[in-house]
Amino acid sequence: MHVWDAEVRVRYGETDKMGIVYYSNYFNWFEIGRTEFFRSLGMSYRSLEEKNVMLPVIDAQCRYFSSALYDDLIIIRTRLEFVKGTRLKFLYDIIRKEDNKLLAQGYTEHPFTNLEKKPINLKKVMPEVYEMLAKCCD
């Protein structure tokens with residue numbers, strides 16, 4: 001199974017008056033995680049979009065266990081739960097690096113679509129990319 005860690009430092013603008021990260025920022029971190037996950041495989045979101053493959057979010061969830069705080073160094077651990085011909089699902093762990101504390105877990109699910117938002121089967125359209133992603137789930 002391919003797992004990729006990306007690091008971000010909590011910025012002041014991501015927190016509330018108490019210095020606690022506002023909940024919606026975790027979804028921004030999920031996006032960073034999956035973008036860097038693709039980069040770790042030698043491709044980018046942009047390269048997929050240039051080939052008429054889009055990955056809109058159709059489902060997302062985040063469970064919060066402990067607060068991230070201003071200036072924390074955060075690890076965004078990203079992996080694929082599954083890839084099928086027409087969709088995939090990423091899993092995320094948000095971890096404070098200093099104490100290795102799990103702060104949140106979540107997922108995002110994405111269909112493969114073309115620019116017209118019509119579903120496509122990645123296995124048929126880009127078999128080499130599909131195979132690379134499928135290997136990440138093993």
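Worth knowing before you read on, the calculation uses all heavy atoms, side chains too, and leaves out hydrogens, waters and symmetry mates.
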Using 30° and 60° as the class limits, which term best fits the ring planes of F30 and F27: parallel, tilted or perpendicular?
-> perpendicular
Is Y22 reachable from Y92 through a run of hydrophobic residues whose side-chain heavy atoms are each under 4.5 Å from the next?
-> yes
Which heavy atom in [X] sits nearest to a heavy atom in [Y], and how many Å separate them?
X	Y	result
T78	G33	OG1-CA, 3.3 Å
P56	P111	O-CD, 3.0 Å
L80	L133	CD1-O, 3.7 Å

Taking C-beta and beyond as the side chain, do V53 and M126 meet within less than 4.5 Å on heavy atoms?
-> yes
Under 4.5 Å between any side-chain heavy atoms of L69 and T15, yes or no?
-> no
Given side-chain contact (heavy atoms from CB on, under 4.5 Å), test I76 with I32 step by step and report yes or no.
-> CA-CA 8 Å; I76 307 161; I32 291 169; 3.9 Å; yes
Give me the other members of the hydrophobic cluster that F65 sits in, counting Ile, Leu, Val, Met, Phe, Trp and Tyr linked by side-chain heavy atoms under 4.5 Å, directly or via other members.
-> I75, I95, L102
Quick one: does R34's side chain have a donor or acceptor within less than 3.5 Å of a partner on L91's backbone?
-> no
Taking atom NZ of K89 as the centre, does the number of heavy atoms from other residues, nucleotides or ligands within less than 6.0 Å exceed 12?
-> yes
Give a yes or no on whether the ring-centroid distance for Y26 and Y64 is below 6.0 angstrom.
-> yes
Lys/Arg N to Asp/Glu carboxylate O, E49 vs R46, below 4.0 Å | no
Is it true that D72 and K97 have a side-chain N and a carboxylate O under 4.0 angstrom from each other?
-> no
Scan residues 98-138 for pairs that pass ring-ring contact (aromatic ring centres under 6.0 Å, His included), counting only residues two or more places apart or in two chains.
-> F90-H110
With side-chain contact (heavy atoms from CB on, under 4.5 Å) as the test, would you mind laying out the steps for V21 and I74 before giving the verdict?
-> CA-CA 11 Å; V21 171; I74 301 299; over 6 Å; no
